[in-house]
Amino acid sequence: MTKLRYERPIISKINAGVPDKFGMKTSVETLNQIDTVPVKDILEQYGSPVFVVSEPTIRKTYEEATSAFTSRYPKVQFAWSYKTNYIDAVCRVFKKLGSWAEVVSGFEYQKALNNGVPGNEIIFNGPDKSDEDLKLAIQNLSLIHIDHFDELYTILKLAETSYKRPKVAIRVNMNTGIYPQWDRFGFNYENGEAWQALNRLMYSEKVDVVGLHTHIGTYITTPNAYAVAISKLAELATSLKKKFNHAIQYIDIGGGFASKNTLKGAYLPGKDTCPTFDAYADAITGALMSANFAPNELPTLIIESGRALIDDAGYLLGTVLANKRLADGRRSTILDIGVNNLFTSFWYEHEVLPVETTTQQTEDTTLYGPLCMNIDVVRAAVQFPLLQKGDQVAIRRVGAYNMTQWMQFITFRPNVIMIDEEHNTHIIRKAETNATFEAQEVIPDYLKS
Amino acid sequence: MKLKNNIAISETGFVFDPNSGDSYSLNSIGKEILELIKSGKSKSDISFHILNTYDADEFTFERNYDDFIDMLKHHKLLENE
Ligand SMILES: Cc1ncc(COP(=O)(O)O)c(C=O)c1O
């Protein structure tokens, strides 16, 4: 006699009709393959947990994003935001697709060079550029986006002894109706600081003012904020034209497009509220077209989108370590994935899915990571199916900021693999081991033996 | 282990507790076990029956059974022993 399929017995209280904080019950979705590669096989081959990056998804998303803009505006250039995911293989996929590089430190700058990005296709942002970094960027004709007056004067000083004229833009911050206003980066528009900085640069005659830059924030769900930003940058460009008869070559609108992840506390899921690339493109190119640029002096539109281009391509796979009851009767499930690897669980309610399930039954569950730390919570409250120790889970949309902001705490960072267009898998960043740490640490002689 | 004797279990797996006015839902194996408990079966009888009927191993079932009993206690559906 074949036996019936077993499932854990459960009893749950019915709260008539009221969706509680765990959300309404829906049918249990599973995620058992990525680009036709079985998740089970990936975990078996590369260990648990493991990050997976789907190159086909990067390509598909990039195509969607670029065509939204190029179908509306003649001069468009994307620049890959390194901080969002700077694993070299990922950066090289973006380079192959035609992206420039957007970097914010000497470390990222060097990475871009090593990935074969030509110097004049590297945008150097951020408040932290050493004199050495700036010299190299000037030498390579990189696009230096000035963040503050101290940097501006450093560049003017370096320009005196440099054979090459620095190519610069200023970063501008402004009120676009978005809260919080990111006013700590760049020069302010409303109080005239940005215009003052441009004047200082133009009168110096030592640098080429090639562009204007802003990055108004991240996870911006109102495309119209970008239209406001464009019109303010266009105002500055028009003033430069009028006063100095100088036409800038590009406007860099930064990043900030939302991804389909759900922000904590959001009422509706991100996949229902995230604006499309078309909606952003409409607002941005519409504002550019209606600005006062002569048709032969239309600036190139540069876009530094990060999370919206890579979030969907990243997955984090893991395993259930244990189930527990909390003192108040709530169920908790401990995963081998914690906030050390899934840094974005501080912002997002990530979708955690079973790889396989034999049941449609779910229970109010808190999902914890493996760390000995109270804040190690992957999902505080979720309707989760009845998994047992050893069962596997997959977390969607983790491509942005996790593989850069992850913490080395208590345990190692895991393997990162990429699935290519032919659906072959490749390790693109090796899991750390004790040897990784032994290579970095130094024991003073008196503590040896 | 004794279920409070006025607890009602419906055909479709709903439980009503007239003492508190609360209702609960069971999955089908939960219903089967609760009915066995109601009919006075011991833990080892129940385990024997479940392991013969379902493809579960003994340890997994024991963990899950104890957890289920904890939840019955938590919801105050058992007589104090
Ligand atoms: C200057 C700059 N450009 C681009 C980005 C990418 O932003 P996002 O991932 O929100 O698109 C950032 C992120 O902080 C940034 O600071």
Side-chain angles (χ1 to χ4, degrees), chain A residues 1-20 22-28 30 319-335 354 356-368 381 383-392, chain B residues 1 3-4 7-10 12-38 41 43 45-78:
Chain A
M1 189 189 82
T2 56
K3 292 187 178 178
L4 299 173
R5 189 176 261 173
Y6 173 76
E7 135 180 318
R8 212 158 53 81
I10 55 159
I11 178 163
S12 26
K13 190 164 172 175
I14 298 168
N15 300 316
V18 199
D20 58 14
F22 295 95
M24 292 293 252
K25 264 209 178 96
T26 48
S27 70
V28 175
T30 57
T319 307
V320 172
L321 297 178
N323 285 305
K324 272 187 171 181
R325 276 293 157 198
L326 302 177
D328 67 358
R330 251 183 319 146
R331 176 178 139 87
S332 76
T333 292
I334 306 172
L335 306 175
E356 281 174 351
T357 179
T358 53
T359 163
Q360 287 298 312
Q361 285 291 336
T362 59
E363 200 177 353
D364 301 346
T365 305
T366 301
L367 296 177
Y368 290 115
Q383 279 289 338
F384 202 67
L386 312 176
L387 299 190
Q388 305 274 12
K389 172 178 157 64
D391 285 349
Q392 297 169 336
Chain B
M1 190 81 47
L3 201 63
K4 286 186 179 165
I7 302 280
I9 309 170
S10 86
T12 46
F14 287 99
V15 174
F16 179 65
D17 177 4
N19 309 304
S20 63
D22 285 330
S23 313
Y24 303 87
S25 69
L26 293 161
N27 59 352
S28 80
I29 189 168
K31 171 170 175 274
E32 200 171 336
I33 293 170
L34 200 64
E35 279 168 342
L36 291 168
I37 293 171
K38 198 175 162 106
K41 291 278 189 291
K43 177 174 174 179
D45 290 345
I46 294 173
S47 174
F48 183 78
H49 168 75
I50 294 292
L51 295 177
N52 271 322
T53 320
Y54 294 91
D55 72 352
D57 69 84
E58 195 178 339
F59 286 120
T60 304
F61 179 67
E62 183 172 359
R63 286 256 307 104
N64 295 166
Y65 178 86
D66 290 347
D67 179 64
F68 186 67
I69 298 301
D70 283 346
M71 288 313 284
L72 297 179
K73 283 184 192 150
H74 177 75
H75 292 312
K76 303 195 169 53
L77 298 173
L78 299 180

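In this text the structure is predicted, and so the values were computed from the model without any measurement.
- Using a 4.5 Å cut-off between heavy atoms, A:Glu7 touches chain B through backbone and side chain atoms alike.
- Here B:Tyr54 contributes atom OH and A:Lys3 contributes atom NZ; the two are 12.0 Å apart, rounded to the nearest 0.5 Å.
- The CZ atom of B:Phe16 sits 11.0 Å away from the CD1 atom of A:Ile14 when rounded to the nearest 0.5 Å.
- Judged purely by atom type and a 3.5 angstrom limit, B:Asn27 has no side-chain atom pairing as donor or acceptor with the backbone of A:Ile11.
- Just one of B:Asn64, B:Asp55, B:Thr60 meets the side-chain hydrogen bond (donor to acceptor under 3.5 Å, both in side chains) condition when paired with A:Tyr6; it is B:Asn64.
- Contacts between B:Phe61 and chain A at a heavy-atom distance below 4.5 Å involve backbone atoms as well as side-chain atoms.
- Interface remark: B:Ile33 contributes side-chain atoms only to the contact with chain A (heavy atom separation under 4.5 Å).
- Proximity to chain A is absent for every atom of B:Ile69, based on heavy atoms less than 4.5 angstrom apart.
- A 4.5 Å side-chain heavy-atom check between A:Lys13 and B:Asp22 finds at least one atom pair inside the cut-off.
- When each of B:Leu26, B:Ile50, B:Leu72 is scored by its heavy-atom pairs under 4.5 Å with chain A, the top score falls to B:Leu26.
- Enclosure of atom CZ in A:Arg5 is not indicated, since only 12 or fewer non-hydrogen atoms of other residues, nucleotides or ligands lie within 6.0 angstrom.
- Using a 4.0 Å cut-off between charged nitrogen and carboxylate oxygen, B:Asp67 and A:Arg8 count as a salt-bridge pair.
- The CD atom of A:Glu363 lies 6.0 Å from the CE atom of B:Met71; values are rounded to the nearest 0.5 Å.
- Inter-residue side-chain proximity for B:Arg63 and A:Lys389 is flagged as unmet; no heavy-atom pair is nearer than 4.5 Å.
- The number of heavy-atom neighbours closer than 6.0 Å to NZ of B:Lys41, taken from other residues, nucleotides and ligands shown, is 12 or below.
- B:Gly30 and A:Pro9 get closest at one heavy-atom pair: CA-CB, 3.8 Å.
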